[in-house]
Chemist: 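Here it is, the structure in full.
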Amino acid sequence: MNELVTGEAVVLGLRPARLPSRALAVLIDLAVAWAGYIAVSMTLLAATASLDPAAVAAVSVAAFVLVLIGIPIVVETLSHGRSLGKLACGLRVVREDGGPIRFRHALVRGAMGAIEIVLTMGVVACIASLVSARGRRLGDVFAGTVVVRERIPVPRGGAALPPPPPWLAGQLGALDLSRVPDSWWLAVRQFLARTGQLDPQVGWRMAGQLAEDFAGWTGAGLPQGMHPAAYLSAVVSERQGREARRAFGAERTSGVGGTGVPGAVEGAARAAAAGGSAVPVPAAGTEAAGTTSAARAADGSAEAERAAGAADAAPAAGAGRTTGFVPPA
C-alpha cells in the first residue's frame, strides 16, 4: 500500500488509484464525451450546411477541442478533480501534497490527455501508469497531481487495544522525547493504523521492537505485562499532549482573561504600591474569588489615587492663603 506522505513526514491516508479503476473512469468519461461530441457535430452539421467546406472543417475542429478537451478541463476545475467517471469509481485528482487541484492543473492534464489518451487510444497513458509507482500518467507528472481513491474499505473485526494504566501517564510525563527521531514516530503511527490488519503475533513482535527502540533513546522500558501496542499508543498520546500544551497552553494561561488570578495579583501589586490596604490573593482560588480580589484591589487603588490627588491640591491651596506677597503695580 503506497500512501501519500508530505515533506514533513505526515501521512495523508490517501491511496493512489491503480490502472484498472482509472481505466474504467476514463472509459466512462470518454463515452460521455463522445456522445456529446456526436450530438454537437450533428447539430453543427445541420446548422452549417450552407457554409463552404473550410468553414465546416474549422467548426468541426472547434467542436472537437471544446467537447473533448475544454469541457473536461472545466468539469475537473469546478468539481476539484472529480469527473463523472471518477465520481462513479470513487476516484479524485489531487495535488501531490494532497490539496485540491486548480485550473492550471486541470489544463495541463487535459492538454496531455488529448495526446496520450485520445490521439494514441490510451496506449501511452497505460504504459506510463504501469511504470509509475503511484499509477501516474504523463499528464499527472507534468501537472504535479495524482489520482487517489476516495472510497477505501475499512477493516472490521480488529482487536481493540487495552487502555493504558493511569500511573503510566505520570511515568511518560517525565521522559525526554527530544532524542526520538521523526522516522520512529512515523513508523509508530503507521503501525497503530494497521494494528487490526496484522496477525496478533506479528503485531506483538513489531510493537515490541518499536518499544525496544524507544527504550534505547529514552531509557524507559516496556512495563511488565503491558501490551506493547497499548504502550506505543500511550507514548504517542503523551507527545501529542506536549505539542498541544506547547502550542496553546501559554495563550490559555496568560493574561487577565484566564482564571482571574493574574488580574488579582496585578491589582494587589498596584494597591500596595499606591499605599492602599493589603488585599489577600488566593494561591489556587476559583474564578469568582480571583474576580473579587481584583475588584477590591481596584477599589483600593482608586482610593489611593484620590487621596494622593487631595494631598497634592491641599498644599497648593494653603500656599495661596498664607502668602502676603502682592505684585507691584
Side-chain angles (χ1 to χ4, degrees), residues 1-22 24-25 81 86 89-100 129-136 140 145-165 168-169 171-172 175 177-218 220-244:
M1 182 172 54
N2 186 10
E3 292 184 342
L4 298 181
V5 182
T6 63
E8 292 78 13
V10 177
V11 181
L12 299 179
L14 302 176
R15 299 183 183 181
R18 295 303 178 185
L19 180 59
S21 58
R22 294 194 61 176
L24 180 58
K86 292 180 178 61
C89 297
L91 307 180
R92 183 172 183 169
V93 183
V94 297
R95 300 196 307 262
E96 287 184 309
D97 58 355
S129 181
L130 290 174
V131 172
S132 175
R134 291 185 289 182
R136 305 167 70 193
D140 294 319
T145 58
V146 60
V147 180
V148 298
R149 298 168 55 188
E150 283 192 314
R151 295 196 292 264
I152 300 177
V154 179
R156 298 180 180 179
L161 296 176
L168 185 60
Q171 179 179 348
L172 296 178
L175 296 180
L177 304 180
S178 60
R179 297 181 57 190
V180 183
D182 294 338
S183 58
W184 187 87
W185 295 109
L186 177 60
V188 171
R189 186 185 183 282
Q190 293 177 343
F191 167 76
L192 294 177
R194 300 173 178 83
T195 303
Q197 306 175 9
L198 300 176
D199 182 77
Q201 296 181 356
V202 175
W204 188 285
R205 289 197 300 267
M206 293 178 63
Q209 182 62 41
L210 291 172
E212 291 180 2
D213 297 340
F214 181 75
W217 288 307
T218 60
L222 179 67
Q224 185 68 25
M226 186 175 182
H227 197 288
Y231 179 72
L232 296 178
S233 178
V235 170
V236 173
S237 300
E238 173 63 24
R239 188 205 185 197
Q240 293 177 349
R242 293 186 183 183
E243 295 293 337

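Just the heavy atoms: all of them, side chains too, but no hydrogens, waters or symmetry mates, feed the values below. As the structure is a prediction and not an experimental result, all values here were calculated from the model.
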Chemist: For Pro100, is there any backbone N or O sitting under 3.5 Å from a side-chain donor or acceptor partner on Arg95?
Modeler: yes
Chemist: Quick check: does any side chain N or O of Ser21 sit under 3.5 Å from a backbone N or O of Arg18, one acting as donor and the other as acceptor?
Modeler: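 At least one qualifying donor-acceptor pair exists.
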Chemist: Can you name the nearest heavy-atom pair linking Pro228 to Gly208, along with the distance?
Modeler: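 Closest heavy-atom pair between Pro228 and Gly208: CB-N, 3.8 Å.
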Chemist: Write down the atom of Arg134, the atom of Val146, and the distance for their closest heavy-atom approach.
Modeler: O-CG2, 4.2 Å
Chemist: Please find the pair of heavy atoms, one from Trp204 and one from His227, that lie closest to each other, and give the distance.
Modeler: CZ3-CD2, 3.3 Å
Chemist: Taking atom CG of Leu172 and atom OH of Tyr231, what is their separation to the nearest 0.5 Å?
Modeler: 5.5 Å
Chemist: Just so I know, are the side chains of Arg239 and Val188 near enough to count as touching, which here means a heavy-atom distance under 4.5 Å?
Modeler: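 No, their side chains stay 4.5 Å or more apart.
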Chemist: I want to check something: taking the side chain as every heavy atom from C-beta on, are Met206 and Arg194 in contact at a cut-off of under 4.5 Å?
Modeler: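 With C-beta onward as the side chain, the pair stays apart.
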Chemist: Using every non-hydrogen atom in the two residues, find where Leu192 and Ser233 come nearest and quote the distance to one decimal.
Modeler: CD1-CA, 3.9 Å
Chemist: Which of these, Lys86, Arg15, Arg92, sits in a side-chain contact (heavy atoms from CB on, under 4.5 Å) with Glu150?
Modeler: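 Filter result, single survivor: Arg92.
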Chemist: For Glu243, I'd like to know if atom CD has over 12 heavy atoms of other residues, nucleotides or ligands within 6.0 Å.
Modeler: yes
Chemist: Which atom names give the shortest non-hydrogen contact between Val236 and Trp185, and what distance separates them?
Modeler: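 That would be CA-CZ3, 4.1 Å.
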Chemist: Distance-only, no hydrogens or angles: does the Arg22 side chain make a donor-acceptor pair with backbone N or O of Gly135 under 3.5 Å?
Modeler: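 Pair found, side chain donor or acceptor close to backbone of Gly135.
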Chemist: Do Leu91 and Arg149 come within less than 4.5 Å of each other through their side chains, counting heavy atoms only?
Modeler: yes
Chemist: When you look at Leu168 and Met226, which way does the side-chain contact (heavy atoms from CB on, under 4.5 Å) test go after all the steps?
Modeler: CA-CA 11 Å; Leu168 185 60; Met226 186 175 182; 3.2 Å; yes
Chemist: When rounded to the nearest 0.5 angstrom, what distance separates CG in Asp97 from OG1 in Thr145?
Modeler: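 It comes to 11.0 Å.
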Chemist: Looking only at heavy atoms, what is the nearest atom pair of Phe191 and Ala229, with distance?
Modeler: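 So the minimum-distance heavy-atom pair works out to CE2-CB, 4.1 Å.
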Chemist: I need the Leu210 CG to Phe214 CZ distance, nearest 0.5 Å.
Modeler: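 Result: 11.0 Å between the selected atoms.
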